[in-house]
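To find a chain, count down the sequence lines: A is the first, B the second, and so on, and within it residues start at 1. Every value quoted in this text rests on a predicted model; they were computed, and no experiment measured them.
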2 protein chains.
Amino acid sequence: MTRDTKGEQEFLDAYKPKEYPAIAVTADLVVFAVGSGALYTALVRRGGHPFKGELALPGGFVGSRESAEQAAYRELAEETGLDLGHLPVHVEQLATYSHPERDPRMRVVSVAHLALLATDGHSLPELSAGTDAAAAEWHPVHRVLEEPMAFDHAAILRDGLDRLAGKMEYTTVAARMLPREFTMTQLRTVYEAVWNTTLAAGNFTRKMTPQLDDTGRKTQAAAGGAPASLFTASDRHIHPPLAKPRTG
Amino acid sequence: MTRDTKGEQEFLDAYKPKEYPAIAVTADLVVFAVGSGALYTALVRRGGHPFKGELALPGGFVGSRESAEQAAYRELAEETGLDLGHLPVHVEQLATYSHPERDPRMRVVSVAHLALLATDGHSLPELSAGTDAAAAEWHPVHRVLEEPMAFDHAAILRDGLDRLAGKMEYTTVAARMLPREFTMTQLRTVYEAVWNTTLAAGNFTRKMTPQLDDTGRKTQAAAGGAPASLFTASDRHIHPPLAKPRTG
DNA sequence: CTTCGTTATTATCAGTATGACAATTAAGAG
DNA sequence: CTCTTAATTGTCATACTGATAATAACGAAG
């Protein structure tokens with residue numbers, strides 16, 4: 001069946017958008033970065049009703065001429081002041097939240113995204129207030145998960161953490177939270193921060209070595225200890241997966 | 001920080017929905033079922049422009065007072081005539097497609113869902129035309145994937161298949177495409193249909209047995225061959241995962 | 001320049017999982 | 001009873017895992 005281009009063009013010229021429910025679409029962000037051995041997320045504190053004073057995910061309306069992912073990048077820059085042209089950032093779609101009463105003001109469907117920022121594992125990227133009033137601040141994920149949040153954002157944050165934790169079992173996505181070249185210990189620190197656990201260094205190296213590309217170079221040994229090899233990540237799948245230890 | 005209920009109520013009473021982009025939200029469905037050893041999907045053929053005559057996913061607008069998932073269930077019933085009260089069906093969200101030009105008529109954001117129907121592995125559920133003109137028909141997935149489809153529906157179908165194939169590695173979701181009680185061979189047939197490959201029966205049984213609950217009962221041996229044990233599935237995760245054989 | 005503390009990497013080993021394939025068991029059909 | 005078919009169990013070499021130890025490569029302190 002070949003497309004009927006002429007009939008289709010006539011149809012489109014005559015087409016008038018009509019009765020469909022008026023729904024606003026937003027792009028919200030679960031932003032993760034690793035600092036001082038712990039996983040942090042960028043949250044804003046709401047300055048107005050509803051949920052005044054509570055923590056919320058950064059995000060905003062999807063514009064008429066942009067995709068949800070484009071809106072996510074734009075809002076990430078606007079609400080955190082991050083220079084995305086400079087900073088490597090990984091953004092992927094998480095899920096869409098569409099319960100009719102999730103926003104008491106009006107019908108809002110939110111396309112949530114997962115954003116991973118690259119750090120050296122020690123210091124977090126500086127966040128600055130954007131055009132909107134509320135500035136984003138870093139919060140330790142495993143602590144803030146126990147507090148209430150605005151709207152259904154606590155559930156979204158939990159889903160984002162679960163997604164990242166799961167995906168790290170069978171991909172090298174954890175490397176997106178590090179500089180392009182990193183050491184095995186830096187990568188292990190990301191796993192430990194996200195999984196909130198500790199991993200045996202030797203076994204971790206044995207498992208990850210064949211999944212990474214060895215640059216052949218080594219770090220300048222910082223203070224005590226041998227110099228570490230520098231690796232880069234590719235998009236290989238980890239097989240069999242690196243299992244997250246059962247919680248306990 | 002406790003919620004300021006009084007101030008919030010006043011705010012909500014005064015709130016008027018205002019300038020946000022007008023975007024229509026739809027729920028589309030990738031419906032899978034296994035029949036005669038192959039994976040099938042329910043598709044409608046478009047009767048009007050645009051993409052007149054091409055295959056499309058069933059779906060429709062999300063109503064003002066329903067979630068995207070509720071809309072998916074409703075559209076599944078409407079466009080396929082399936083009695084969901086009777087037929088066990090698994091629905092989960094797949095992803096949201098929001099490219100600004102994905103529908104030439106107007107701005108439409110689609111929340112795609114994955115729906116798995118239970119069959120005996122041989123015959124497919126009967127589809128009947130719903131209120132809409134176009135009736136859904138079953139199409140073999142691995143063949144229809146090579147044909148063009150309306151809108152971005154070919155990409156959505158591909159994503160749905162990838163999601164199902166991947167999830168079957170580490171969950172027992174394949175059992176959602178079978179009756180509550182099923183044999184090991186029936187389950188293996190689902191894996192083979194989705195993965196489009198063959199699996200060694202003995203190794204499959206060894207791997208899956210500890211993931212399932214044995215009812216202790218057996219089938220009446222149909223024609224030749226020993227009777228098979230009947231199992232039910234729980235929500236255990238398969239660990240380590242059952243790896244899909246590398247294609248070839 | 002030797003020793004010590006620290007960290008990265010490699011090695012060992014027992015237990016478990018895998019893929020390929022063979023053997024056994026349990027029907028129904030002729 | 002024997003043949004055919006299908007389900008299940010067994011075998012075996014290889015690979016992977018968790019725990020733990022041994023080795024190697026530094027900087028710093030004496």
Under-4.0 Å side-chain N/O to phosphate OP1/OP2 contact, B:Ser229 with D:dT8: yes
What's the shortest heavy-atom distance between A:Ala115 and A:Leu76, and which atoms? CB-CD2, 4.3 Å
Please tabulate, for the side chains in residues 218-230 of chain B, all donor-acceptor contacts under 3.5 angstrom to protein atoms that are two or more places apart in sequence or on a different chain.
residue	atom	partner	partner atom	Å
B:Lys218	NZ	B:Ser229	OG	3.4
B:Thr219	OG1	B:Ala228	N	2.9
B:Thr219	OG1	B:Ala228	O	3.4

Is it the case that over 12 heavy atoms from other parts of the model lie below 6.0 angstrom from the NE2 atom of A:His90? yes
So which pairs with a foot in residues 177-194 of chain A pass salt bridge (Lys or Arg N to Asp or Glu O under 4.0 Å), sequence neighbours left out? A:Glu181-A:Arg217, A:Arg188-A:Glu192
Checking B:Ala165 now: which residues fulfil side-chain contact (heavy atoms from CB on, under 4.5 Å) with it, not counting sequence neighbours? B:Val194, B:Trp195, B:Lys244
Would you mind reading off the distance between B:Phe204 atom CZ and D:dT8 atom P, rounded to a whole angstrom? 11 Å
Which residue pairs satisfy the side-chain hydrogen bond (donor to acceptor under 3.5 Å, both in side chains) criterion with at least one member in residues 163-173 of chain A, sequence neighbours excluded? A:Glu92-A:Arg163, A:Glu92-A:Lys167
Rounded interatomic separation in angstrom, taking NZ from B:Lys218 and P from C:dT25: 13 Å
Whether the side chain of A:Thr119 engages the backbone of A:Leu124 through a donor-acceptor N/O pair (distance < 3.5 Å, no angle test) should be reported. no
Which residues within residues 185-192 of chain A lie with some heavy atom under 4.0 Å of an atom in DNA chain C? A:Thr185
Walk along nucleotides 12-19 of chain D from 5' to 3' and tag each nucleotide B, S or - by protein heavy-atom contact under 4.0 Å, base first, then sugar-phosphate. ----SBBB
For B:Arg102, salt bridge (charged side-chain N to carboxylate O under 4.0 Å, His left out) partners two or more places apart: B:Asp152
For atom CG of B:Leu212 and atom P of D:dT8, their distance in whole Å: 11 Å
In whole angstrom, give the distance that lies between atom CG of B:Leu230 and atom C1' of D:dA6. 15 Å
For the helix from C:dC1-D:dG30 to C:dG30-D:dC1, measure the angle between the helix axis at one end and the axis at the other, each built from five pairs, rounding to 10°. 10°
Nearest-angstrom distance from the residue atom CD of A:Gln220 to C1' of C:dT7: 16 Å
Provide, to the nearest angstrom, the distance between the CG atom belonging to B:Leu199 and the C1' atom belonging to C:dC21. 16 Å
note: B:Met184, atom CE; D:dA7, atom P; distance rounded to Å ~ 11 Å
Do we see a donor-acceptor contact under 3.5 Å between the side chains of A:Tyr97 and A:Asp28? no
Report yes if the distance between the aromatic ring centroids of B:Tyr191 and B:Phe204 is under 6.0 Å, otherwise no. yes
Sorted by chain and residue number, the side-chain contact (heavy atoms from CB on, under 4.5 Å) partners of B:Ala71 (sequence neighbours excluded) come out as B:Ala27, B:Val62, B:Glu66, B:Arg74
Under the ring pair (Phe, Tyr, Trp, His ring centres under 6.0 Å) rule, what pairs show up with a residue in residues 147-169 of chain A, not counting sequence neighbours? A:Phe51-A:Phe151, A:Phe151-A:His153
Taking only nitrogen or oxygen atoms into account, show me every contact under 3.5 Å that the protein makes with nucleotides 27-30 of chain C, one pair per line with its distance.
none

Suppose we screen for side-chain contact (heavy atoms from CB on, under 4.5 Å). Which residues come up paired with A:Asp162, at least two apart in sequence or across chains? A:Arg158
